[in-house]
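Have a look at the structure below, then the notes.
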There are 2 protein chains.
Amino acid sequence: MNKESKDAVLNRYMAQHGLKSTRQRSLIIDTFFSVGGHLSVEELWSKVREQDTKVSVATVYRTMKLLNDCGLAHARNFGDGQTRYEAAAGREHHDHLICTRCGQIVEFENDRIEAMQDAVARKHGFIVTSHKMELYGLCKDCQRTASERKTEA
Amino acid sequence: MNKESKDAVLNRYMAQHGLKSTRQRSLIIDTFFSVGGHLSVEELWSKVREQDTKVSVATVYRTMKLLNDCGLAHARNFGDGQTRYEAAAGREHHDHLICTRCGQIVEFENDRIEAMQDAVARKHGFIVTSHKMELYGLCKDCQRTASERKTEA
DNA sequence: GTGTCTGCAAATCGTTTGCATAGCA
DNA sequence: TGCTATGCAAACGATTTGCAGACAC
């Protein structure tokens, strides 16, 4: 059903904007949703080229912008210099835990933090429309690696 | 006294790394700390050039990287495509409220949110070393502007 | 002196765009 | 047919780098 509503959103959006469905677009979109995670355009492009060598980066950029505009994907920026996209259809808002050693990204959500953010904003006269919260640190595995290294040294 | 410790940190860092104090570096650093706020390299460069027309952007980039490395400045990324720097010496950790209409940036800190972030991370096996939290929305003035517009329309 | 800086311009990196051609409806 | 999409390569904006001369110590 998630699948259906995704296609529905996409079809409606494309119809409303006079956009056409093409082989490349479908391939890119299918690949994006089937791979999942937080993909950079570069990564997605290489996945797509496993199916069709001729697709250009430009098309991947254009398609991801389209998915972002119709709300099916969210552009994210984790400080590594490239934009990453994540699937957004019917998903709750969430934030990220990022391991600075291995790059693993874990999603989480916490209503109490969100409520407190609103409270802080209100105190400063702001009305919050969106926010970004990223926690950087070491995941369980990398903590172990780090302590092993210390022991070895 | 803040000034003294800043210079102390800088001098120690420069001595340890065999770096030299130059006219341009001093000018850039002084300008950065005296202007304050969240400066892009471009903005800082233009301020610096009011004093010395000959300074190149490259030097400003190199100097800000230096300040960042020795911990006196923090690089920030508010999604407008350019890196912004803020003074960091002896300041508490804080987060940002950003007005999406006028670009105003307000700093705030909230220990309870930070505590909850740590708790969430722990639940996922992470140890947090740093984080980024930005709340985007409308500041008081821009809310008024927005509602006036609605009234006019 | 000698090794670090600086300015300049060229290079890079991620991303966007113009244009002629290919493709969907 | 008519209009959108694609691929390509050139254009972009922010940032970095190689190099020869300038400067600090």
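Keep in mind that the numbers below use all heavy atoms, side chains included, and drop hydrogens, waters and symmetry copies. Throughout, a chain's letter reflects where its sequence line sits, starting with A, and its residues are numbered from 1.
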For Phe108(A), does the six-membered ring have the charged nitrogen or CZ of Lys123(B) within the cation-pi criterion, i.e. under 6.0 angstrom from the centroid and within 45° of the normal?
no

Would a single hydrophobic cluster contain both Phe78(B) and Val41(B), if residues Ile, Leu, Val, Met, Phe, Trp and Tyr are joined by side-chain heavy-atom contacts under 4.5 Å?
no

Hey, can you pull the donor-acceptor pairs under 3.5 Å for the side chains in residues 62-76 of chain B, sequence neighbours left out?
| unit_1 | atom_1 | unit_2 | atom_2 | d |
| --- | --- | --- | --- | --- |
| Thr63(B) | OG1 | Thr59(B) | O | 2.8 |
| Asn68(B) | OD1 | Ala75(B) | N | 3.2 |
| Arg76(B) | NE | Glu86(B) | OE2 | 3.0 |
| Arg76(B) | NH2 | Glu86(B) | OE2 | 3.1 |

Under 4.5 Å between side-chain heavy atoms, counting indirect links through other Ile/Leu/Val/Met/Phe/Trp/Tyr residues: same cluster for Val120(B) and Ile113(B) or not?
yes

With Gln104(B) via side-chain contact (heavy atoms from CB on, under 4.5 Å) - residues at least two apart
Cys99(B), Cys102(B), Val106(B), Cys139(B)

Shared hydrophobic cluster for Ile127(B) and Met133(B) (ILVMFWY, side-chain gaps under 4.5 Å)
no

Pairs under 3.5 angstrom, nitrogen or oxygen only, protein versus nucleotides 23-25 of chain D, please.
| unit_1 | atom_1 | unit_2 | atom_2 | d |
| --- | --- | --- | --- | --- |
| dA24(D) | O3' | Ser21(B) | O | 3.3 |
| dA24(D) | N3 | Lys20(B) | NZ | 3.2 |

Spacing of Leu66(A) atom CG relative to dT6(D) atom C1', expressed in whole Å:
14 Å

In whole angstroms, the gap separating C1' of dT6(D) from CD1 of Ile29(A) amounts to 15 Å

Applied to residues 45-56 of chain B, the salt bridge (charged side-chain N to carboxylate O under 4.0 Å, His left out) test, sequence neighbours excluded, yields Arg23(B)-Asp52(B)

Using a cut-off of under 3.5 Å, enumerate the N/O to N/O pairs linking the protein to nucleotides 12-14 of chain D.
none

First and last nucleotide of DNA chain C touching chain B, 5' to 3', heavy-atom cut-off 4.0 Å?
dG3(C) to dC8(C)

Looking only at side-chain N and O atoms, does Arg62(A) come under 4.0 Å of OP1 or OP2 in dA5(D)?
no

Quick one: ring pair (Phe, Tyr, Trp, His ring centres under 6.0 Å) pairs with a partner in residues 113-143 of chain B, sequence neighbours left out?
His93(B)-His131(B)

Residues at least two apart in sequence or cross-chain that pass side chain to side chain donor-acceptor pair (under 3.5 Å) with Glu107(A), listed by chain then number, are His38(A), Arg91(A), His94(A)

If hydrophobic clusters are built from ILVMFWY residues whose side chains come within less than 4.5 Å, do Tyr61(A) and Leu10(A) share one?
yes

Rounded to whole Å, the CD-P distance (Gln24(A) to dT4(D)) equals 17 Å

Under the salt bridge (charged side-chain N to carboxylate O under 4.0 Å, His left out) rule, what pairs show up with a residue in residues 124-133 of chain A, not counting sequence neighbours?
Lys132(A)-Glu134(B)

Applying side-chain hydrogen bond (donor to acceptor under 3.5 Å, both in side chains) as the test, list every pair that has at least one member in residues 8-22 of chain B; sequence neighbours left out.
none

My understanding is that only residues two or more places apart in sequence, or in another chain, count here; which of them pass side-chain contact (heavy atoms from CB on, under 4.5 Å) with Glu42(A)?
Ser40(A), Trp45(A), Gln82(A)

DNA chain C contacts among residues 45-56 of chain B, heavy-atom distance under 4.0 Å
Lys54(B), Val55(B), Ser56(B)

